[in-house]
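Data first, discussion second: the structure below is written as structure tokens.
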Amino acid sequence: MPDAGPRVLVFSTNAISDPGIDLAGSLHMHYSPEVVVLSLPCTSAIRPDWIVFALEQGFDGVFIASDGDECAYLADCAKRSAQIVGRAQDLLAIRGIDDRRVKMAAICSVCAESFTRQIREFTAALETLGAA
Amino acid sequence: MSGRNEARTEPRIAVYVCQCGGNIGDYVDTNQVVHAVKDLPGVVVARHAMFTCSDSNQQEMIDDVAREHLDGFVVACCSPKLHTFTFRGVAERAGVNPYRVAQVNIREQCSWTHTDDPTGATSKAMKLVTAGVERARLMKPLHPIEVPTTPRVAVVGGGVAGMRAAIALADVGLEVHLIEKEPELGGHVGKLGAMYPHGTVGTELVHRMLEEIDRRPGIEVHTGAVVSAKSGTFGNYRIAIESVGLRTEVTVGQIVVATGFDSYEPATGEFGYGSPRVVTLPEFRRLLDEAEGPIVRDGRPVRSIAYIYCVGSRCGDRTYCSRYCCSAAVHASLLAAERDPSVRQYHLYRDLRTYGRNEVMFGESRKRGSYYLRFADDDPPLVSIDGERIRLTVHDLLTAGAELALEPDLVVLVTGMVPRANDELIGALKLPVGRDGFLNEIHPKLRPVETVVDGVLIAGACQAPKSSAESVTSGLAAAAQAAAVLRRGVASLDPQVAIVDSGACDGCGECIGSCPFGAIEMTGTGGTVVATIAAAGCKGCGACTPTCPRNAIDLQGYTDAQVRATIAGLLAGRAT
Ligand SMILES: Cc1cc2nc3c(=O)[nH]c(=O)nc-3n(C[C@H](O)[C@H](O)[C@H](O)COP(=O)(O)OP(=O)(O)OC[C@H]3O[C@@H](n4cnc5c(N)ncnc54)[C@H](O)[C@@H]3O)c2cc1C
């Protein structure tokens, strides 16, 4: 883990959670610059092995900013995304990686404060876990 | 050799890093970012610019394509929500496939988030741009999918903004459903007498607009009605209109939301509110509009009036200025002076914002005998009510802070605009709400009526406080935007849809149930059955991709290879 703190990869969604994360920036809310965001159309499109790949490559945690009930594509998006996280955690267990390094939360398009708070909490939790 | 030679293995990419004036440049050292990426594989041009979106920079990009035979760009600037189309347009004009442009967000998600840490922001920007280059190297040319659109618009809210939008839409040949919650169209203007700056009577203005609406058979008006649900996709949305227990479903191509504002309601006791002789600006307007001759309140003649400005505005959670209220109050004082030229009028203000031509009204009101007293932000006037007497004290900054005491017959609280409580509509249409509670456009100047919800536009005072003319102008802007999409008859849909590698697919069919749009089917002959995805039916969510046990499905623009390359790029510069 670098001095600047845990490296976190956030998967966001183009229409819902990414605008929420943008809003946090527009409001100059701060979190660690080691947090970086990769936006997709929908979190149900995440392959479990991307999460594993990210952690194996050097990220200390992966945060999935899902659409919750707001997904424009899928009524059951929250359930599907949770299943993907579950599958990723199974793959991590096989590799002996702590499954607390993956976290999912619903972030809406105006959830700037909630995102900032949750990402800070996640960063702090990863700090106690130490380097991946 | 052609720059768009798609057989070439390593694409030629240009990287542009925006300073966005100081928005990025004040926190991210863009020079260092350029330096970090200029030697990455594929990068043949790397430079920074004061504004990458400026005309001059766009021209330089086009020149670079010709000179350097570019295959794609990486533009590191603001959120892609703002400029994806700008830079795709530049690519198109330069002869580069627009889907080979990667926009990297180093403003909202970097410089603005890390204003407290320029070193951290710079190092993060380097990683984000490196990842953008890695993604761009794997971008393939794609071509938009065209689908027919429905030439019909739902306008929600029948105030001046919504009515004017409906008229404009009908005039360009689009059908309109104008949906108003109240029993009558007109909104706030429909209840007003003479209005600034032109003196037109609000009720008459609305009456004329109603006649215009009646003349256009393409406009169907639903009063006492609300929108309770929305489904479908861009250009073809299905909405439910509910009116007195009746539910109608209609298909529309675009939705314009023009649901207006509410007036601030002071708390009891706030500047004496609750006393019959302390009224809000809307109440005062009713007093002026509903009678003639000298002003009477509570059975008593009103010979002197004190206006207290900015009540409930620019304080606490409501930090914004409501823009209209200074002008509306000055204008009301002119109407009061017309009713009774001898009435004494005192305006107690913080800052007087009678902007533009409205300044003339301010001059006129002073000529007619209005007095203006200025109080400090943290020292508002005190109102005490003692039976029949109102006593008002104020420290007037214009007379060196002298304490002045007034005993007016009537106090008018100049109240501003507050967002309308509209939870059901906000939930049904997933409308983006800003910190101030008004609806949010993508960008106040660049995309002033569009929201992050595709096909849902906003107009009028639901966006922010606006005067009637400003509301009408934005109603027209929304109409123009909706018409620009629907008059073409077809919408160009994003070609970033899922595709199956038929060589890798073993025809297991696992993916079929994952698509709620029914876009996947099994096709084939003679024993080899594979999944195929109908491009026009695919919405590009990618939900089928993780269901394939053989990783045979990719979402274009977000392929397995691109996502892995991006993840690796985001770790660039990692200390080992
Ligand atoms: C006291 C006062 C005096 C003013 N004087 C002037 C003046 O002199 N000059 C001037 O330029 N401006 C003046 N204004 C400002 C002017 O009223 C506004 O600029 C204008 O009303 C904004 O128009 P709008 O259509 O955006 O909103 P509104 O007038 O608020 O209309 C919105 C409409 O949407 C409807 N609606 C809301 N929610 C829903 C829903 N969920 N479903 C369906 N329908 C819905 C509402 O019922 C309403 O009819 C004054 C305002 C006030 C309060």
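Chain letters run A, B, ... following the sequence lines, proteins first and then strands; every chain starts at 1. Scope of the values below: all heavy atoms of this structure, side chains included, with no hydrogens, waters or symmetry mates.
- At a 4.5 Å heavy-atom cutoff, the contact between A:Ser39 and chain B is made by backbone atoms alone.
- B:Leu570 touches chain A through backbone and side chain together, each having a heavy atom under 4.5 Å away.
- Residue contact with chain A, scored on non-hydrogen atoms closer than 4.5 Å, involves the side chain of B:Leu555 exclusively.
- A pairwise comparison of heavy atoms in B:Ile553 and A:Arg47 identifies O-NH2, 2.6 Å as the closest pair.
- With a 6.0 Å radius and a threshold of 12 heavy atoms from other residues, nucleotides or ligands, A:Glu121 has its CD atom above the threshold.
- Below 4.5 Å, heavy atoms of chain B meet heavy atoms from A:Val110, all part of residues 103-111 of chain A.
- Taken to the nearest 0.5 Å, the CG atom of B:Leu571 stands 7.0 Å off from the CD atom of A:Gln57.
- With a threshold of 4.5 angstrom between heavy atoms, B:Thr119 does not approach chain A through any atom at all.
- Heavy atoms of B:Asp117 lying under 4.5 Å from chain A belong exclusively to its side chain.
- For B:Lys81 and A:Asp18, the salt-bridge test passes: some basic side-chain N is under 4.0 Å from an acidic carboxylate O.
- A salt bridge links A:Asp49 with B:Arg564: the distance from a Lys NZ or Arg NE/NH1/NH2 to an Asp or Glu carboxylate oxygen falls below 4.0 Å.
- Of the atoms belonging to B:Asp494, not a single heavy atom falls under 4.5 Å from chain A.
- Remark: side-chain polar atoms of B:Lys124 are not paired, donor with acceptor, to backbone N or O of A:Glu34 under 3.5 angstrom.
- No hydrogens or angles considered: nothing links the side chains of B:Trp112 and A:Asp22 as a donor-acceptor pair under 3.5 Å.
- Counting heavy-atom pairs closer than 4.5 Å to chain A, the top-ranked of the candidates B:Asp116, B:Thr566, B:Val433 is B:Asp116.
- Taking 4.5 Å as the limit, some side-chain heavy atom of A:His30 sits within range of a side-chain heavy atom of B:Thr115.
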Check: residues 535-547 of chain B side-chain donor-acceptor pairs under 3.5 Å, at least two apart:
from	atom 1	to	atom 2	distance (Å)
B:Thr545	OG1	A:Ala45	O	3.4
B:Thr545	OG1	B:Gly542	O	2.7
B:Thr547	OG1	B:Cys544	O	2.5

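- With a 4.5 Å cut-off on non-hydrogen atoms, A:Ile16 does not touch chain B at all.
- For A:Leu40, the parts lying near chain B are the backbone and the side chain together; criterion is any non-hydrogen pair under 4.5 Å.
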Would you please test A:Asp67 and B:Lys430 for salt bridge (charged side-chain N to carboxylate O under 4.0 Å, His left out) and show each step?
CA-CA 12 Å; A:Asp67 290 351; B:Lys430 313 254 187 310; over 6 Å; no
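- Rounded to the nearest 0.5 Å, atoms CD1 (B:Ile567) and CH2 (A:Trp50) are 7.5 Å apart.
- Within the 4.5 Å cutoff, no side-chain heavy atoms of A:Phe53 are placed close to those of B:Val563.
- Looking at A:Ser32, the atoms closer than 4.5 Å to chain B (heavy atoms on both sides) all sit in the backbone: N, CA, C or O.
- The main-chain N or O of A:Gly25 is never found under 3.5 Å from a side-chain atom of B:His114 such that the two would form a donor-acceptor pair.
- Between the OG atom in A:Ser12 and the CD atom in B:Gln109 there is a gap of 6.0 Å [rounded to 0.5 Å].
- The local environment of CZ in B:Arg238 is crowded, with over 12 non-hydrogen atoms from other residues, nucleotides or ligands closer than 6.0 Å.
- Looking at B:Asn105, the atoms closer than 4.5 Å to chain A (heavy atoms on both sides) all sit in the side chain, from C-beta outward.
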Quick one: do B:Tyr558 and A:Asn14 satisfy side chain to side chain contact (heavy atoms under 4.5 Å, CB included)? Show the steps, please.
CA-CA 12 Å; B:Tyr558 304 88; A:Asn14 294 343; 2.9 Å; yes
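- With a 4.5 Å cut-off on non-hydrogen atoms, A:Phe11 touches chain B through its side chain but not through its backbone.
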